[in-house]
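Encoded as structure tokens, the structure appears first; notes follow it.
So you know, we letter chains A, B, ... as the sequences are listed, proteins then strands, and number each from 1. Fair warning: this is a prediction, and the values are worked out from it, not measured in the lab. All values below come from the heavy atoms of this structure, side chains included, with hydrogens, waters and symmetry mates left out.
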Amino acid sequence: MLEFSQQIVNGLSLGAIYALIALGYTMVYGIIKLINFAHGDVMMVGAYVGFFSITMLGTNIVVAMLAAMLLCALLGVLIEKVAYRPLRNSTRIAALITAIGVSLFLEYITVVVLGPAQRVFPQSAFPIKAYNLAGLTILNKQIFVFVSAVLLMLILQYIIKRTKTGKAMRAVSLDMEAAVLMGISVDKTISVTFAIGSALAAAAGVMIGVYYQTINPLMGIIPGLKAFVAAVLGGIGLIPGAMVGGFVMGLLETMVSGYGSSLYRDAVAFGVLIIILLIRPTGLFGKNTGEKV
Amino acid sequence: MQEKKNKSWLSFLLEVIVLVALFTLVQYALTVGLINQSYQINLVTMCINIILAVSLNLINGFTGQLSLGHAGFMAVGAYVSVILTNFMEMPFIIGILGGCIAAGIAGFIIGVPTLRLKGDYLAIATLAFGEIIRVVLQNIDYVNGPAGIVGITKLTSWPWLYWTAIITILVIVNLMNSSYGRAIISIREDEVASELMGINTTKYKVLAFIIGAMFAGLAGVMYAHYFYIIKPDTFSFLRSFDMVVMVVLGGLGSTTGAVIAAIFITFLTFGLQKYAAMRMVIYSLILIIVMIYRPQGLMGSKELSRKTFSRIWSGKK
Amino acid sequence: MNLLEINNLYKSFGGLGAVINFNILIQSQELIGLIGPNGAGKTTVFNLITGVYKPDKGQIIFNGKNIAGMAPYNICKKGVARTFQNIRLFKDLSVIDNVKIAFHKDVSYSLASTIIRLPAFFQGEKNIEEKALEYLRIFKLDTKRDEIASNLPYGEQRRLEIARALATQPTMLILDEPAAGMNPQETRELMELIKWIRQDFNLSILLIEHDMSLVMGVCERIYVLDYGQLIAEGLPEEIRNNKKVIEAYLGEEVGKC
């Protein structure tokens with residue numbers, strides 16, 4: 001039972017990271033119906049920005065995270081403008097292929113510029129402490145990850161529910177044409193969506209740096225895919241769904257590697273994905289909509 | 001009418017002569033040692049890439065079902081054939097047939113449930129299945145898990161490669177220029193309308209998927225029996241992306257385009273051998289730029305055929 | 001003989017009844033109209049008959065066999081063909097290939113003879129080509145056989161869609177707003193075409209249309225749908241003077257203003 005609770009603690013912090021990344025997938029999908037394959041790689045860029053902010057500028061972890069969020073927000077807007085906007089009226093397959101292209105580009109341009117080797121995230125920026133709570137070991141990094149992720153999600157909820165920008169985002173995702181007629185700038189709203197999603201991914205990137213302590217140019221692929229699965233699990237396009245999905249994936253993964261084979265750890269995500277897609281493609285909280293004939 | 005018949009026989013004969021001549025020429029060059037080791041590898045990779053691109057094009061281009069799991073079928077073909085030839089010491093032809101059939105069965109098993117999905121969901125599901133094949137191979141001790149199988153007998157030779165690539169092209173071209181091919185293309189064009197015109201779209205999607213998977217398996221067999229070693233990571237989704245690059249560049253729905261792109265990409269990879277990361281950057285830019293500026297690819301859905309040649313010959317446009 | 005008999009057909013989307021206890025009876029070679037205000041559920045009825053949607057309840061008996069819930073391609077094979085409100089051709093394919101696809105369900109040669117090019121393949125292709133050309137000739141499209149379907153003018157696209165539907169050799173043709181987007185002259189020509197098709201191809205036609213002159217002009221009997229329910233059926237004259245029908249249409253007009 002104690003071990004089980006320990007796995008839950010581990011799973012919650014990992015799940016918080018997945019949830020943050022999943023939010024970006026789901027927001028972008030909700031608004032332009034695109035699986036932004038490059039999202040995981042934006043997270044990787046965020047991790048690197050955080051890394052350099054700490055090692056070269058000597059900032060603390062919070063500043064590093066904010067810097068990463070800011071730069072990646074810009075990167076996200078840029079990606080959308082350059083690669084996705086020209087394709088807004090073409091087929092979804094074309095957009096998906098472009099997204100794969102952007103993903104590969106971010107990965108390998110990083111390899112070309114910074115080298116393929118992995119880097120160790122500086123320990124000094126975040127000295128690890130362990131707390132003992134009724135037999136459970138809770139690391140301060142777990143608390144940090146969990147608390148900052150939840151904080152960011154609360155801010156996101158506020159933006160979406162209470163601000164004009166959030167209202168515009170919801171309007172565009174419901175009906176783009178109607179939103180245009182209501183005087184909402186679709187381009188601007190999509191840019192904001194990419195900015196917010198990418199900023200969340202960047203925060204997740206810095207968290208992964210803190211959590212796993214190493215970063216490399218291809219680190220975005222697997223967490224990206226898992227977060228995508230989380231988004232699908234919760235019902236892609238649905239923000240609360242992405243949060244729940246992220247936590248479920250985190251818990252599932254720690255359970256499988258805790259009780260099963262760690263070699264199968266990555267296969268779990270794919271297995272879950274296939275099961276959902278085949279049984280309930282709209283996810284746990286999604287509504288079913290058929291094609292109009 | 002009689003004249004027309006004679007003419008088509010004549011051009012058929014001409015094609016056979018060209019194909020045999022090309023084969024003999026390269027065979028001769030190989031025998032007298034005109035082609036050095038690294039160019040030989042290039043030649044092998046080229047044929048394998050042609051088989052992969054042409055077969056994936058059947059699924060992605062003609063049927064319009066974006067699959068990102070082609071490397072998984074290649075893996076099945078490679079592993080099964082090596083088990084047959086190296087572990088069980090059967091002749092190469094059995095390995096080839098076994099590899100193709102096994103990949104086809106895998107295509108059936110994966111195709112039936114996933115092909116109900118559409119567009120990007122299908123793409124992701126096939127990617128996931130491809131990765132699951134890789135993870136499963138990693139966990140089977142019989143094939144040495146993540147370390148893979150080393151010391152595979154080199155059975156792939158120029159005649160095998162050349163003629164299997166030609167057969168792949170022929171089968172797909174013949175299939176597409178028929179009522180079955182039209183049924184397959186109609187699914188890409190409008191699945192609902194196709195179904196309402198009496199076409200069992202599920203059946204033909206699965207059929208295209210199985211045929212595509214079988215040829216991917218064939219490519220896997222050729223690969224395994226030339227490069228001495230196979231391991232699960234050889235067949236990760238990055239390899240599937242390689243194939244997608246070829247199909248997209250050539251033009252979704254053009255066999256000619258797939259062949260040209262496969263040759264081009266092979267030479268590009270060869271030229272950038274020392275700069276593996278740079279190669280991937282170029283690949284990624286190809287994907288993005290082609291999709292933005294020429295989403296139909298180099299050839300679109302056009303084909304180079306006898307008709308095109310005779311048109312060029314007579315100076316008509 | 002009863003060609004199509006629908007009993008108590010019911011379909012709801014998200015708890016909302018789109019088609020509620022719908023009944024219809026069509027004899028062979030009848031020309032029937034289905035009308036009703038926007039959103040009355042007319043296209044849903046067509047989608048249920050052709051198998052695009054599965055009905056929640058009810059029977060669709062076609063040629064003495066219940067086809068409710070069957071796959072669309074099987075329903076097509078039973079002899080029901082249709083066109084669409086917003087034309088759905090195979091846009092990037094040639095005009096003749098669009099029609100050829102309709103013959104695939106009766107393809108005479110096997111996959112194996114396709115791949116190794118046996119004589120059966122050449123013979124079969126020749127037959128398909130000839131038959132397809134025949135249909136193009138009937139609809140005056142044979143001169144455009146190699147043009148890409150999406151490059152045809154609107155009226156010809158509509159004709160090609162009807163040609164393609166007829167090429168499946170149906171005993172019942174279902175037309176979803178065939179006159180949409182046509183001018184009065186084209187509509188008159190279409191009326192003649194519809195009558196002629198029914199005569200020449202020996203089939204029943206069921207059509208949805210908003211153009212009242214067309215419906216009243218060609219249909220022998222008319223069914224009226226409102227809010228998913230049948231509110232009237234009868235001869236054109238009766239429908240024209242039916243209180244409920246007038247109300248349904250006026251109600252819509254008032255609502256629009």
Side-chain angles (χ1 to χ4, degrees), chain B residues 1 4-5 8-9 12 15 58 61-62 64 116 167-208 210-211 214-215 251-254 295-296 300-303 307 311, chain C residues 46-47 49-52 71-84 87-94 96-118 121-122 124-125 127-129 132 148-150 161 164-165 167-170 174:
Chain B
M1 193 64 209
K4 203 175 161 192
K5 222 172 192 175
S8 82
W9 267 108
F12 175 71
E15 279 164 7
L58 172 64
F62 288 120
R116 290 185 304 151
I167 287 172
T168 309
I169 296 171
L170 268 181
V171 167
I172 303 238
V173 166
N174 282 354
L175 172 68
M176 291 322 293
N177 289 308
S178 76
S179 193
Y180 294 92
R182 286 190 294 269
I184 284 173
I185 292 184
S186 76
I187 298 172
R188 172 190 76 192
E189 292 291 304
D190 188 328
E191 198 172 330
V192 173
S194 172
E195 181 94 12
L196 288 164
M197 288 300 117
I199 288 162
N200 184 347
T201 54
T202 312
K203 178 175 140 194
Y204 286 106
K205 280 195 277 186
V206 173
L207 178 74
I210 292 173
I211 295 175
M214 283 177 79
F215 283 113
L252 289 161
S254 165
Q296 70 274 42
S301 53
K302 290 191 187 64
E303 299 285 3
K307 253 191 208 159
R311 227 178 282 152
Chain C
F46 278 17
N47 283 336
I49 298 173
T50 52
V52 177
Y73 70 91
N74 274 328
I75 293 176
C76 173
K77 285 179 181 169
K78 290 262 178 299
V80 182
R82 74 176 278 186
T83 65
F84 302 87
I87 308 174
R88 295 184 82 144
L89 289 170
F90 304 121
K91 290 193 189 71
D92 298 333
L93 301 186
S94 68
I96 193 162
D97 278 352
N98 263 277
V99 178
K100 278 182 178 177
I101 286 165
F103 294 115
H104 180 72
K105 65 185 175 65
D106 302 317
V107 66
S108 62
Y109 53 85
S110 70
L111 193 61
S113 59
T114 302
I115 285 169
I116 47 179
R117 288 293 192 250
L118 292 181
F121 165 80
F122 293 104
E125 274 297 285
N127 286 342
I128 291 175
E129 172 116 7
I148 299 299
S150 59
E161 209 190 15
R164 184 182 67 176
T168 64
Q169 280 131 16
I174 298 183

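A heavy-atom distance below 4.5 Å is not found between the side chains of H104(C) and R182(B). Taking 4.5 Å as the limit, every side-chain heavy atom of I116(C) sits out of range of all side-chain heavy atoms of N174(B). Put simply, the side chain of S194(B) reaches to within 4.5 Å of the side chain of F90(C), judged on heavy atoms.
Atom NZ of K77(C) is surrounded by more than 12 heavy atoms from other residues, nucleotides or ligands within 6.0 Å.
Side-chain atoms of Y180(B) never come within 3.5 Å of backbone atoms of V107(C) as a donor-acceptor pair (strictly under, hydrogens ignored). In this structure a side-chain-to-backbone donor-acceptor pair under 3.5 Å is present from E189(B) to D92(C).
Heavy atoms closer than 4.5 Å to chain B are found in the side chain of I128(C), but not in its backbone. For chain C, no part of T202(B) is nearby; none of its heavy atoms comes within less than 4.5 Å. Of the two parts of T168(C), only the side chain, counted from C-beta on, holds a non-hydrogen atom closer than 4.5 Å to a non-hydrogen atom of chain B. No part of L170(B) comes within reach of chain C, as not one of its non-hydrogen atoms sits under 4.5 angstrom from that chain. Looking at F121(C), only its side chain comes within 4.5 Å of chain B, counting heavy atoms on both sides.
Annotation: maximal heavy-atom pairing with chain C below 4.5 Å, among I185(B), L175(B), N200(B), occurs at N200(B). Considering only heavy-atom pairs separated by less than 4.5 Å from chain B, the leading option among D97(C), N98(C), I101(C) is I101(C).
In this structure, C76(C) and G198(B) approach most closely via the heavy-atom pair SG-N, 3.3 Å. Residues E195(B) and A71(C) come closest through the heavy atom pair OE2-CB, 4.1 Å.
The NZ atom of K100(C) sits 9.0 Å away from the OG atom of S179(B) when rounded to the nearest 0.5 Å. Between the CZ atom in R164(C) and the CG atom in L196(B) there is a gap of 9.0 Å [rounded to 0.5 Å]. The distance from the CD1 atom of I115(C) to the OG atom of S178(B) is 8.0 Å, given to the nearest 0.5 Å.
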